[in-house]
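Worksheet: one structure, shown below.
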Amino acid sequence: MRTVLIVGNWKMNKTASGAAPFIRELSERLRGLPSHVELVVAPPFTALQAVRTALDPSSRLQLGAQDMFWEDQGAYTGEVSAPMLVDLGCRYVILGHSERRTLFGEQNDGIQKKIRAALKHRLHPILCIGESLQQRERGTTDDVLTQQLRESLSGFTAEALDGITVAYEPVWAIGTGTSATAEQAVAAHQTIRQVLATTISPAIADSTRILYGGSVTPDNIESLLASNQVDGALIGGACLQVDSFVTIASAASAARSIGA
Ligand code: PGA
């Protein structure tokens, strides 16, 4: 069975000095949570060290990053590499987020190189894919998801992709307050699993966690996780407050202990 994964993407929020007390309070509030849910926070690069220091070894939280470059080191001004993230204690890295695609011109071939570099250094990639509103209205959602997956995962063996996570994040739902319905999320997740089965392997399709992201809140997490097609959530705005992140984590824990 796939373990539920809840990831908080802080985006460009919180300074290093603000992050430390936030993490201490969050860790404390999550202490009693059953261990069948995996929890990750992805602060900005500048706060990774502060968050790592604030996490005591018994904390339920693991560390992730929001992006990285594909080379290990060298003349790449402004970039951060997989070995640098691993050295700071990161276990996960979000790759191909739609804000990176639309604001910074990221494309599937570059994302593919980043996935390769992350896997080489044993960082778990969280590959984000999703359609725009226009693409959904045109009825091309499945084609868009298929192409993003095929191009980002081309050239990998099934063994290499063991441990990858996919996040389905419809662009129109990110930061808008309008989440996909549970039915829309389940349909997209089924498409993603089907593409994984045909392009990689049925075993990878079965073992890969597929998260939903886009305006997840304490109010909609339960319905989104009602289907065991949805293996967790990638959370933006609602992870910036201790209360809402704790409520979401608790709801995820409750959903899976009763359900699948
Ligand atoms: P949101 O962001 O929860 O604020 O919509 C989700 C994301 O971008 O990962």
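As the structure lists them, so they are numbered: ligands from 1, and atoms in each ligand from 1.
- When each atom of ligand 1 is checked for a heavy atom of G214 under 4.0 Å away, the hits are 5 (O).
- We find that R52 and D87 are not joined by a salt bridge, their nearest charged nitrogen and carboxylate oxygen being 4.0 Å or further apart.
- At a 4.0 Å cut-off, not a single heavy atom of A238 sits close enough to ligand 1 to count as contact.
- Here is the list of ligand 1 atoms found below 4.0 Å of a heavy atom in G237: 1 (P), 3 (O), 4 (O).
- Interface of G175 with ligand 1, defined as ligand atoms under 4.0 Å from a residue heavy atom, comprises 1 (P), 4 (O), 5 (O).
- At a cut-off of 3.5 Å, with distance as the only test, no side-chain donor of Q194 or T198 sits close to an acceptor on the other residue.
- The neighbour count for Q107 CD, taken as heavy atoms of other residues, nucleotides or ligands under 6.0 Å away, does not exceed 12.
- Aromatic rings of W10 and F22 (six-membered ring for Trp) have centroids within the 6.0 Å cut-off, being under it.
- Within 6.0 Å of atom CD in E222, 12 or fewer heavy atoms from other residues, nucleotides or ligands are found, so the atom counts as exposed in its surroundings.
- Looking at ligand 1, you won't find any N or O of I235 less than 3.5 Å from one of its N or O atoms.
- Closest to atom 6 (C) of ligand 1, if we only count protein heavy atoms, is G236 N, 3.5 Å.
- Within the listing of ligand 1, atoms 2 (O), 5 (O), 8 (O) sit less than 4.0 angstrom from a heavy atom of I174.
- At least one N or O atom of K11, backbone or side chain, sits closer than 3.5 Å to an N or O atom of ligand 1.
- By the 30° and 60° cut-offs, the orientation of the rings of F69 relative to Y76 is tilted.
- The distance from ligand 1 to the heavy atoms of A173 drops below 4.0 Å at these ligand atoms: 5 (O).
- Considering OG of S253 and CD1 of I248, their distance stands at 13.5 Å, rounded to 0.5 Å.
- E169 OE2, 2.7 Å is the protein heavy atom nearest to atom 9 (O) of ligand 1.
- For the salt bridge (Lys or Arg N to Asp or Glu O under 4.0 Å) criterion with E38, the lone passing option out of R60, R2, R209 is R209.
- For ligand 1 and H97, the ligand atoms under 4.0 Å from any heavy atom of the residue are 7 (C), 8 (O), 9 (O).
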